[in-house]
Amino acid sequence: IGKNREEQDMAFADFQALYKQKLTTADEAVKVIKSGDWVDYGFCAIHPRVLDEALARRAPELEDVKVRGGISLWKPAIFDIEDPVHHIIFNSHHMSSVERHHIASGAGFHEPMRYSELPRYYYDHITPPDVAMFQVAPMDKHGYFNFGLSASHVKAVCEMAKVVIVEVNENMPRCLGGFDNCIHVSEVDMIVEGRNDPMGIQPSGTATEVDRAVAKLIVEQIPDGACLQLGIGGMPNTVGAMLCESDLKDLGVHTEMYVDAYVDLAMAGKVTCMKKNIDRGRQVFAFAAGTQKLYDYLDDNPACMAAPISYTNDIRTIAAIDNFVSINNAVDVDLYGQVNGETAGTKQISGAGGQQDFVLGAYLSKGGKLSLIQGRHAAFPHTAYPAERFRGDGYPREHHVRGDGVRLRVPEGTDGVGARGEADLHRAPGLPGGTDPRGGEAEDLVSPQQKITNNEKERREALFLHERGGIRASYGKKEARI
């Protein structure tokens with residue numbers, strides 16, 4: 001099955017006839033998949049539904065099929081097949097809780113990467129897909145299928161795939177864009193009409209008192225005309241709610257992931273995007289996930305612009321926007337300014353995402369600001385995080401635990417935000433203090449500066465004993481023979 005050059009050269013011909021010619025069933029479409037093939041599911045909300053179920057039914061007759069995808073909002077049917085290790089292995093660009101549990105069972109892998117470079121990986125590095133299949137919006141009068149909620153890297157997937165199968169869903173929002181957000185019927189090999197399932201829902205999360213306290217510190221730093229990038233989870237929605245109640249105006253949006261908070265801001269009249277240096281009047285995003293409110297807002301909305309991840313997350317694009325404010329989650333931040341946003345020790349829990357790109361882009365932006373929210377405000381919280389990582393005390397750690405994945409070192413002037421307040425990570429003595437909210441002076445709530453001071457004192461005492469010819473020197477809780 002190949003792409004017909006004559007079809008591509010058609011000028012407003014009978015696209016509907018071509019549509020009917022390529023129309024088939026899900027079971028027929030997946031017959032093109034062979035053992036050993038690489039199959040691509042697109043990304044997040046556009047993962048296939050009926051095609052996924054059809055592939056799962058074929059699993060017993062297939063071996064070593066490798067599927068790529070990311071941020072699944074529901075459990076794919078291929079996750080429930082028998083003996084997936086030998087039949088269909090899932091490879092995640094960025095894990096949601098659904099994928100994380102599946103991969104932990106040994107039936108899949110995380111693919112480490114810099115998300116902004118994902119299109120380039122398809123073009124230049126990784127094995128091209130044998131088959132790409134994902135959901136799209138219905139074909140328009142010009143013969144185009146819109147990628148809907150996930151422009152991301154999907155155009156690169158289509159251009160490199162040997163076979164492209166689209167699953168039409170009438171409930172998929174048609175997200176207008178700048179470029180690389182659709183595919184023409186002439187470039188599609190097979191068309192499957194799905195069940196028109198509702199879009200997957202990404203709950204906003206309920207704000208806690210800590211969320212509101214941290215959000216208040218962040219909102220106080222945002223000026224009129226700022227351009228916002230918010231991460232995922234309860235925190236961005238809390239920030240959005242507070243911004244709606246503020247006196248701020250003419251805010252802009254340029255983000256990787258579009259979430260419900262942006263809808264609330266736009267409906268409250270806070271977002272105009274008219275102060276942006278580029279893409280004026282447009283809220284720019286690479287993919288979206290949230291509630292039905294968000295999907296209804298994005299559908300055919302010219303105020304929003306879906307664009308590939310190689311554009312939205314490009315440091316040069318971000319830095320070109322003045323007063324860029326980037327707010328991201330971090331599992332841990334230590335006193336060296338090293339940020340871990342994706343692992344719990346050696347356990348991978350999400351992915352790199354765009355944190356590195358937006359932190360550096362905001363740092364380079366004229367008037368730009370960035371905040372890293374530490375601890376229990378990390379994206380996709382789950383049981384893989386040890387309890388002690390969620391102390392909620394707002395203090396950075398002395399250093400990361402063994403196995404933590406350090407994604408970046410924060411630039412000068414970066415603020416770390418936790419339950420106890422805001423801290424300039426490059427001025428440790430100025431870190432916020434406060435009373436232990438649980439009472440007492442528990443060892444795990446002693447400030448990191450005090451811990452470092454105590455450790456340094458013990459080290460010097462050990463050195464003194466050694467110079468005096470001592471037999472043993474105490475260092476921390478261990479004894480070292482001199």
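The shown structure was predicted, so the numbers you read here are calculated from the model rather than taken from an experiment. Computation of the quantities below employed the complete heavy-atom set of this structure, encompassing side-chain atoms and omitting hydrogens, waters and symmetry-equivalent molecules.
Between the side chain of Asp180 and the backbone N or O of Lys155, no donor-acceptor pair lies under 3.5 Å. In this structure, Glu167 contributes its side chain and Glu193 its backbone to no donor-acceptor pair below 3.5 Å. Under the 3.5 Å distance criterion, the side-chain polar atoms of Ser96 are left unmatched by any main-chain donor or acceptor of Ile71. Put simply, the side chain of Asp40 never gets that close to the backbone of Pro129: no donor and acceptor are under 3.5 Å apart. Judged by distance alone, the side chain of Asp14 and the main-chain N or O of Ala17 form a donor-acceptor pair under 3.5 Å. Side-chain N or O atoms of Lys22 include one that pairs as donor or acceptor with a backbone N or O of Val185 at under 3.5 Å. No donor-acceptor distance shorter than 3.5 angstrom exists from the side chain of Lys369 to the backbone of Phe324, with no hydrogens or angles considered. Side chain of Ser92 to main chain of His94: a donor-acceptor pair is present (N/O by atom type, distance under 3.5 Å, no hydrogens or angles). Listed for the Lys276 side chain is no donor-acceptor partner under 3.5 Å among the backbone atoms of Gly281.
Residues passing the side-chain contact (heavy atoms from CB on, under 4.5 Å) test with Asp130, sequence neighbours excluded: Asp37, Trp38, Lys162. The salt bridge (Lys or Arg N to Asp or Glu O under 4.0 Å) check on Arg68 picks up Glu111, with sequence neighbours excluded. With sequence neighbours left out, Ala307 forms a side-chain contact (heavy atoms from CB on, under 4.5 Å) with Val284, Met305, Tyr311, Thr312. The salt bridge (Lys or Arg N to Asp or Glu O under 4.0 Å) search around Glu28 returns Lys31, not counting sequence neighbours. Residues meeting the side-chain contact (heavy atoms from CB on, under 4.5 Å) test with Ala156, sequence neighbours left out: Pro119, Tyr122, Tyr123. In terms of the side-chain hydrogen bond (donor to acceptor under 3.5 Å, both in side chains) criterion, residue partners of His47 (sequence neighbours excluded) are, by chain and number, Ser72. In this view, Ala289 and Cys44, Leu73, Gln202, Met257, Tyr295 satisfy the side-chain contact (heavy atoms from CB on, under 4.5 Å) rule, not counting sequence neighbours. Every residue two or more places apart in sequence or in another chain that forms a salt bridge (Lys or Arg N to Asp or Glu O under 4.0 Å) with Asp300 is listed here: Arg174. Residues forming a salt bridge (Lys or Arg N to Asp or Glu O under 4.0 Å) with Arg120 (at least two apart in sequence, or on another chain): Asp124.
Within the model, atoms CG of Leu294 and CE of Met199 stand 12.0 Å from one another, a figure rounded to the nearest 0.5 Å. Within the model, atoms CG of Asp279 and CD1 of Ile321 stand 6.5 Å from one another, a figure rounded to the nearest 0.5 Å. With rounding to the nearest 0.5 Å, the separation of CD1 in Ile78 from CG in Leu62 is 11.0 Å. We find the SG-CG distance between Cys304 and Asp299 to be 10.5 Å, quoted to the nearest 0.5 Å. Taken from CG in Leu251 to SG in Cys273, the straight-line distance is 8.5 Å, to the nearest 0.5 Å. Residue Ile318 holds its CD1 atom at 9.5 Å from CD1 of Ile278, rounded to the nearest 0.5 Å.
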Run the side-chain contact (heavy atoms from CB on, under 4.5 Å) test on Asp64 and Ser35 for me, step by step, so that the C-alpha distance in whole Å, both residues' side-chain angles and the decisive distance to 0.1 Å come before the verdict. CA-CA 6 Å; Asp64 193 32; Ser35 292; 5.9 Å; no

Any chance you could lay out the side-chain contact (heavy atoms from CB on, under 4.5 Å) test for Tyr297 and Tyr262, step after step, and finish with the verdict? CA-CA 10 Å; Tyr297 177 78; Tyr262 296 119; over 6 Å; no

Determine whether Thr238 and Val214 satisfy the following criterion, side-chain contact (heavy atoms from CB on, under 4.5 Å), listing intermediate values before the conclusion. CA-CA 9 Å; Thr238 306; Val214 174; over 6 Å; no

Apply side-chain contact (heavy atoms from CB on, under 4.5 Å) to the pair Leu176 and Asn301, showing each step before the final yes or no. CA-CA 7 Å; Leu176 306 181; Asn301 189 344; over 6 Å; no

Could you check Lys293 against Asp264 for salt bridge (Lys or Arg N to Asp or Glu O under 4.0 Å), going step by step and ending with a plain yes or no? CA-CA 9 Å; Lys293 171 181 67 176; Asp264 296 334; 2.7 Å; yes

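Shown here is Glu170, whose CD atom has no more than 12 heavy atoms of other residues, nucleotides or ligands within 6.0 Å.
The shortest side-chain heavy-atom distance between Thr255 and Leu228 does not fall under the 4.5 Å cut-off. In this structure, the side chains of Phe43 and Tyr115 come closer than 4.5 Å at one or more pairs of heavy atoms. Annotation: side chain of Ile88 is in contact with side chain of Ile81 (closest heavy-atom distance under 4.5 Å). Contact check for Gln229 versus His254: no side-chain heavy atoms found under the 4.5 Å cut-off. Taking 4.5 Å as the limit, some side-chain heavy atom of Leu243 sits within range of a side-chain heavy atom of Ile222. Side-chain contact between Phe285 and Val253 is absent, with no heavy-atom pair separated by less than 4.5 Å. By the 4.5 Å heavy-atom criterion applied to side chains, Gln21 and Leu18 are counted as neighbours. Side-chain contact between Val136 and Val168 is present, with heavy atoms from C-beta onward closer than 4.5 Å.
Residue pairs satisfying the ring-ring contact (aromatic ring centres under 6.0 Å, His included) criterion with at least one member in residues 48-92, sequence neighbours excluded, are listed as follows: Phe79-Phe90, Phe79-His102. The side chain to side chain donor-acceptor pair (under 3.5 Å) analysis of residues 49-59, with sequence neighbours excluded, yields the pairs Asp27-Arg57, Tyr41-Asp52, Glu53-Arg195, Arg58-Glu61. Sorted pairs that involve residues 251-260 and meet salt bridge (Lys or Arg N to Asp or Glu O under 4.0 Å), not counting sequence neighbours, are lacking altogether.
When every heavy atom of Met190 is checked against every heavy atom of Val32, the shortest pair comes out as CE-CG1, 4.0 Å. Between Cys158 and Val164 the shortest heavy-atom distance is O-CG2, 3.8 Å. Here the closest heavy-atom approach between residue Met139 and residue Phe145 is recorded as CB-CE2, 3.5 Å. The two residues Asn169 and Asp197 make their nearest non-hydrogen contact at ND2-O, 2.9 Å. Across all non-hydrogen atoms, the minimal contact from Val30 to Leu55 is CG1-N, 4.1 Å. Pairing each heavy atom of Cys175 with each of Leu298, the nearest pair is SG-CB, 4.2 Å.
Of the residues listed (Val39, Ile191, Leu51, Ile33), the one engaging Ile165 in a side-chain contact (heavy atoms from CB on, under 4.5 Å) is Leu51, and it is the only one.
Aromatic pair His142/His184: centroids not less than 6.0 angstrom apart. Aromatic ring centres of Tyr363 and Phe358 lie farther apart than the 6.0 Å criterion allows.
Side-chain contact annotation: Tyr144 with Glu187, donor-acceptor N/O pair under 3.5 Å absent.
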